[in-house]
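Below is one structure, written out as structure tokens; comments come after it.
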Amino acid sequence: MEQNITCINCPVGCRMTVVMSDSGGFLSVSGNTCPRGAAYARQECTLPQRMVTAVISVSGSRIPLSVKTSRPVPKDLIPAVMRELSRVRICVPVHSGQVIIPDILHTGSDIIATRSLT
Amino acid sequence: MIDRNTDILIVGAGPAGLAAAIAARKEHIESVLVIEREKEPGGILRQCIHNGFGLHRFKEELTGPEYAQKDIEQVSELGIPVECSTTVLSVSQDKTVICVSPEKGLQRIRAKAVILAMGCRERPRGALCTPGTRCAGIYSAGTAQRFVNLEGFMPGHRVVILGSGDIGLIMARRMTLQGAKVLACVEIMPYSSGLNRNIVQCLQDYHIPLYLSHTVTDIRGRERLEGITVSEVDEKRRPIPGTEMNFDCDTLLLSCGLIPENELTRGAGIDISAATSGAVVDDMLQTSIPGVFACGNVLHVHDLVDNVSEESFHAGRAAADYVRNGFTGAEYITVCDGEGVRGTVPQRIRIPSDSPVTLSFRPSDVYRSSAVVVDCGGVELFRKKSLIFTPGEMVHIELRPGLLKNLPADSITVRLERN
Amino acid sequence: MTYQADVLVIGAGITGCAVARELSGYKVSVIVLDSAGDIAEGATKANSGIVHAGYDARPGSKKALYNIRGAGMYESLCASLHVPYRRNGALVIALNDTDRTAIESLKARGLENGVKNLDILDHDAVLAMEPNISPEVKCALFVPESAIISPYETAFALADHAAVNGVSFRFGQSVSSVERLPDGSFAARTDTDTYTCRVLVNCSGASGAYIHNQLSGQKLTMVHRRGQYYLLDREAVPAFSRTIFQCPSPMGKGVLVSPTVHGNLLLGPTAEDISDPLDTATTAEGLSDVLRKASLTWPKLSVRTNITNFSGVRAHLTTDDFVVGPCEDCPGLFEAVGIESPGLSSAPAIGLDLSGMIAGYLGLSLKESFLPCPVRPRPFNEMTDAEKAEAVLKDPAYGNIVCRCEVITEAEIRAAVHRPVGARSVDGVKRRTRAGMGRCQGGFCMPRVAEIISAETGIPLDRVTKNGGDSYILSGTVESFLKEETVHD
């Protein structure tokens with residue numbers, strides 16, 4: 001099984017081809033220019049991960065709160081993360097760096113405030 | 001009217017102004033004052049809630065508000081006053097600044113040096129001359145970003161994005177994650193000016209199609225936007241009849257380029273470069289008025305905030321030097337744009353120079369496996385190869401002090417050369 | 001609901017506002033209706049802004065009569081309304097020998113209409129006056145009496161003046177039917193309300209024939225003629241200080257290049273007959289047509305500094321003249337129909353005439369006290385430093401600059417909302433204050449203008465409109481969107 005992906009490490013944007021086993025295991029990559037590309041290709045084809053940032057509403061504040069995941073979460077969990085964020089109930093004050101949801105969806109990543117609201 | 005004096009007055013408390021203030025204070029200038037028109041410092045970073053800032057400068061990936069917070073805290077620790085909700089109305093040749101705020105009213109501040117750090121703004125619809133109706137629902141991407149991230153309001157449900165610059169791409173993802181449907185991203189050029197990372201993570205992750213060599217050719221809707229027509233364009237960017245596609249959308253976000261905001265600069269009579277739309281500066285980032293400096297996006301539109309900070313530290317140090325030593329008249333060489341090069345900054349370099357000079361420019365096209373070359377009077381001074389140069393990414397090269405000695409001509413040319 | 005007034009004016013464009021303002025000097029109750037959400041939303045906001053001297057209209061026509069009289073009234077009218085007026089002069093240029101003949105006959109016609117100070121200038125004299133005109137120019141008719149105004153600001157001031165003298169304005173009222181009742185009064189119906197009146201005034205622009213034909217046996221046929229424009233940014237040295245016309249054609253006065261009273265340059269209009277009078281879209285063909293024709297006048301033309309494009313629809317009658325006065329077969333109906341160019345120039349004279357006729361018909365007497373037009377404070381960006389300092393001292397909101405490009409303060413935006421006929425939309429604020437009129441086109445200030453409108457009127461922020469109706473700027477809160485859980489993946 002082959003998968004084509006574009007490298008995001010630099011502006012060259014190498015078009016890489018990854019060969020996967022039928023069970024989804026990584027076999028080989030071609031088209032990359034450097035080792036960083038190969039590492040990205042392997043990660044992206046086996047367990048793609050993303051940082052998630054968003055704004056959520058906070059009771060007592062007209063201004064929304066910007067938040068982020070403390071580390072990347074599996075890409076296919078992004079919609080579920082947003083659903084969790086839509087349900088969270090918090091109120092002012094919030095300070096930058098405060099944990100809003102610990103270990104979201106058991107990913108090991110916390111949802112953290114990236115600004116303060118008073 | 002309040003009359004005051006200061007050593008260095010900085011217009012704008014975005015990343016450029018804050019970095020300039022920090023650098024000036026570290027050079028032991030006691031009287032540094034930052035004027036900011038918004039209610040809080042931080043500039044446009046306040047609304048850039050996505051991550052990806054600060055990798056170069058802080059070796060960690062921060063969101064915009066977090067990056068700004070680091071500078072705001074340092075400015076506060078250094079005891080530099082930042083006067084917010086204060087708008088500068090004019091800067092004059094003698095470095096007198098008139099500004100106004102609700103609390104202090106009109107102020108006339110005499111400065112020994114002024115650093116211009118007003119940032120940039122987005123190209124509006126008018127600049128694109130797109131035909132159609134003038135309905136609600138058409139915003140620059142940054143305006144939409146402010147609505148969502150700072151005000152907590154969504155501009156619409158079904159969105160098309162015109163322009164594939166990074167702000168447009170970032171807003172495609174933001175609108176999608178916050179519950180809107182992004183139908184397409186449309187780019188008139190045959191390539192995107194955004195980062196590959198953003199194309200993958202903001203468009204491909206959410207299956208948003210990117211139409212290269214396409215543009216919006218009609219806008220419909222009497223009150224609120226109801227739909228748009230997108231057409232393919234030929235190599236001269238003219239729409240090709242018969243390629244029309246219709247999108248039913250209530251929102252069109254424009255991400256079609258940034259323009260340095262130089263109203264104050266023009267008002268002061270400072271020379272403006274047609275290539276950058278920013279001030280013409282020397283290697284100290286000093287404008288055509290001695291003692292007035294410019295840095296950050298008001299000088300030329302950057303790609304990374306880390307580079308804005310770096311450039312602004314330089315401006316802060318240069319302004320401090322000016323306050324201490326005054327203007328040391330000098331001879332200059334001119335920096336010219338050669339093939340493939342647009343808007344090299346600085347435009348003038350003092351000679352002889354005893355410190356390294358950084359030249360920054362944007363490629364005017366995609367150049368693969370090419371070299372950036374600096375010539376002077378037919379003599380090659382500098383050559384550096386790269387796998388790729390793209391218009392989306394600013395190129396920085398550093399010229400050693402020794403390079404600019406005993407030059408055969410009074411100008412140097414920066415160009416790109418394909419292998 | 002049913003509303004009753006002595007006089008009902010349909011249409012709050014420049015003509016309707018001029019009539020209402022004249023009527024407000026009499027002891028009479030007046031209501032003005034408009035289908036749009038604000039004053040001046042039809043042709044009044046989208047025309048060339050020229051007070052024509054009157055050389056172009058056919059001698060003896062109503063267009064010629066009202067143009068000459070109206071143009072003569074504007075300077076003092078604008079002064080009393082505290083709105084800009086600049087007699088910048090005009091040149092009608094001849095680019096070939098056919099044009100040269102046309103220029104001669106235009107001058108003769110102008111003299112017959114009573115236009116003063118007309119002169120024909122040769123090639124050198126034209127270029128000495130306006131160096132950016134094409135060197136192809138053969139000669140030009142110089143019209144020193146031609147002037148420029150801001151049409152919508154003039155209409156706002158007329159409406160304010162009428163309102164402080166008791167006239168009421170109602171918006172979003174599209175008149176679907178009008179009827180003359182057996183007692184000689186009228187009933188006008190909208191989706192929501194009924195209005196009854198003794199005198200009906202038809203100043204309804206594009207709907208002029210539609211209203212007229214419901215009440216009169218003498219049917220009118222109207223053609224809707226669209227004109228598209230470019231509006232260019234202000235430059236330190238404007239390319240032209242006078243209005244530059246090309247030789248007129250049967251479809252209109254041709255494409256002009258003119259400064260505006262605020263220092264922008266206007267290019268246009270096209271002349272296209274369209275079926276839908278509300279179709280104010282611009283088109284690729286129309287805009288390129290403007291550029292092609294305007295560059296005949298101005299070869300060095302560049303739209304690099306374009307701020308916006310817009311179009312307006314002129315109400316052209318097939319009879320090719322204005323209809324002004326009482327309707328012959330419908331007593332109590334007074335009309336100003338087919339008010340296309342030179343309609344703006346004619347509006348003050350039409351307003352004066354119609355109100356006089358109505359006063360005679362109803363036997364009205366003048367009020368003992370007629371309040372002057374409210375004085376509006378000088379724009380902040382035109383004040384001296386001392387005046388600015390004093391203004392902020394009195395009202396700190398003058399210290400909050402909302403629109404960066406045009407330097408418009410929060411105090412001025414609030415004042416626009418609280419004018420006698422106040423702004424209720426972002427565009428309403430824009431046209432009253434110029435906030436958002438500059439080169440960034442509201443990119444920075446629009447969210448803040450919307451907030452101020454919301455704060456001053458109590459309209460929730462996501463119900464504030466760009467321009468009335470359903471032109472909402474926002475679609476809901478972040479919270480409401482997240483609750484829908486419509487994350488599309």
Side-chain angles (χ1 to χ4, degrees), chain B residues 1 37 85-87 89 98 100-106 108 121-122 124-137 139-140 142-143 146-148 150-157 176-182 205-207 217-220 222-224 239 250-251 259 261 263 266, chain C residues 230-231 236 278 280-284 286-287 303-304 306-310 385-386 388-389 392-393 396-401 404-405 407 410 426 439-444 446-447 451 461-462 465-482 484-489:
Chain B
M1 178 160 52
R37 57 191 159 199
S85 302
T86 306
T87 305
L89 299 175
I98 306 281
V100 69
S101 71
E103 287 74 30
K104 293 193 174 172
L106 203 70
R108 179 164 50 209
R121 60 184 155 77
E122 298 175 283
R125 173 182 171 188
L128 311 174
C129 302
T130 307
T133 58
R134 296 200 298 161
C135 50
Y139 311 107
S140 61
T143 305
R146 179 187 165 121
F147 273 134
V148 178
L150 286 185
E151 319 252 342
F153 284 95
M154 293 291 285
H157 291 92
T176 306
L177 285 177
Q178 302 289 156
K181 172 77 182 164
V182 179
D205 276 4
Y206 303 95
H207 312 294
T217 48
D218 193 23
I219 292 171
R220 292 182 296 279
R222 194 152 284 161
E223 294 176 342
R224 176 80 194 200
D250 63 4
T251 308
I259 306 163
E261 198 171 83
E263 275 65 27
R266 280 197 191 85
Chain C
Y230 277 86
L231 183 71
L278 296 178
T280 54
T282 54
T283 63
L287 293 178
V303 287
R304 193 181 45 80
N306 187 44
I307 281 190
T308 190
N309 299 107
F310 62 87
D385 283 352
K388 284 175 182 166
V392 187
L393 210 61
Y398 269 110
N400 183 13
I401 310 293
R404 302 173 182 182
C405 304
V407 194
E410 182 186 340
V426 170
R439 56 202 60 146
C440 94
Q441 284 285 289
F444 284 115
M446 187 266 281
E451 273 177 45
L461 188 54
D462 55 2
T465 64
K466 176 178 187 286
N467 201 16
D470 288 333
S471 65
Y472 300 112
I473 287 165
L474 299 167
S475 295
T477 61
V478 160
E479 188 176 14
S480 67
F481 269 62
L482 281 178
E484 287 171 26
E485 292 188 15
T486 49
V487 177
H488 302 276
D489 54 352

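The sequence lines fix the lettering, A, B, ..., with proteins before strands; numbering per chain opens at 1. As a basis for the values below, the full set of heavy atoms in this structure was taken, side chains included, without hydrogen atoms, waters or symmetry mates.
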Side chain / backbone / both / neither for C:Thr477 at chain B, heavy atoms under 4.5 Å
both
Give me the atom names and distance for the closest heavy-atom approach of C:Tyr472 to B:Tyr139.
O-OH, 4.2 Å
Nearest atoms (heavy-atom pairs only) where B:Thr133 meets C:Ala281:
CG2-CB, 3.7 Å
Mind checking whether B:Arg146 and C:Phe444 have side chains closer than 4.5 Å, heavy atoms only?
no
Give the minimum heavy-atom separation between B:Met1 and C:Asp385, together with the two atoms involved.
CE-CB, 4.2 Å
Heavy-atom pairs under 4.5 Å with chain B: which of C:Leu461, C:Leu393, C:Asn467 has the most?
C:Leu461
Closest non-hydrogen atom pair, C:Ser471 against B:Ala136
O-CB, 3.4 Å
Nearest-0.5 Å distance, CG of residue C:Asn309 to CZ of residue B:Arg134:
8.5 Å
Could you go step by step and tell me if B:Glu263 and C:Arg404 meet the side chain to side chain contact (heavy atoms under 4.5 Å, CB included) rule?
CA-CA 9 Å; B:Glu263 275 65 27; C:Arg404 302 173 182 182; over 6 Å; no
Any idea which of C:Met446, C:Glu479, C:Lys388, C:Arg439 has the most non-hydrogen atom pairs under 4.5 angstrom with chain B?
C:Arg439
Using non-hydrogen atoms only, which part of B:Arg222 is less than 4.5 Å away from chain C: side chain, backbone, both, or neither?
side chain
Do B:Val100 and C:Tyr398 have side chains that approach each other closer than 4.5 Å (heavy atoms only, starting at C-beta)?
no
Segment of B:Glu122 engaging chain C (4.5 angstrom heavy-atom cut-off):
neither
Among B:Pro239, B:Ser140, B:Gly105, B:Pro124, who wins on heavy-atom pairs under 4.5 Å with chain C?
B:Pro124
Minimal non-hydrogen separation, C:Ser475 against B:Asp250, with atom names
OG-OD2, 4.3 Å
If you apply the rule side chain to side chain contact (heavy atoms under 4.5 Å, CB included), what do you find for B:Glu261 with C:Cys440, and how did you get there?
CA-CA 10 Å; B:Glu261 198 171 83; C:Cys440 94; 5.7 Å; no
Side chain from CB out, backbone as N, CA, C, O: work out which of these in C:Ile307 comes under 4.5 Å of a heavy atom of chain B, or both, or neither.
backbone
What part of C:Tyr230 gets within 4.5 angstrom of chain B, counting heavy atoms only: side chain, backbone, both, or neither?
side chain
Between C:Val392, C:Asp470, C:Asp462, C:Thr308, which has the largest tally of heavy atom pairs under 4.5 Å with chain B?
C:Asp470
Side chains of C:Ile401 and B:Leu89: does their closest heavy-atom pair fall under 4.5 Å?
yes
Against chain C, label B:Cys129 side chain, backbone, both or neither, depending on which of its atoms sit under 4.5 Å from a heavy atom there.
both
Sub-4.5 Å side-chain heavy-atom contact between C:Asn400 and B:Ser85:
no
Decide yes or no on side chain to side chain contact (heavy atoms under 4.5 Å, CB included) for C:Leu474 and B:Glu151, but give the supporting numbers first.
CA-CA 11 Å; C:Leu474 299 167; B:Glu151 319 252 342; over 6 Å; no
Flag side-chain contact, heavy atom, 4.5 Å: B:Thr143 against C:Pro447
yes
Between C:Leu278 and chain B, with a heavy-atom cut-off of 4.5 Å, which part of the residue counts as in contact: side chain, backbone, both or neither?
both
Who wins among C:Arg304, C:Gln441, C:Glu451, C:Glu410 for the most heavy-atom pairs under 4.5 Å with chain B?
C:Glu451
If you apply the rule side chain to side chain contact (heavy atoms under 4.5 Å, CB included), what do you find for C:Leu482 with B:Gln178, and how did you get there?
CA-CA 6 Å; C:Leu482 281 178; B:Gln178 302 289 156; 3.9 Å; yes
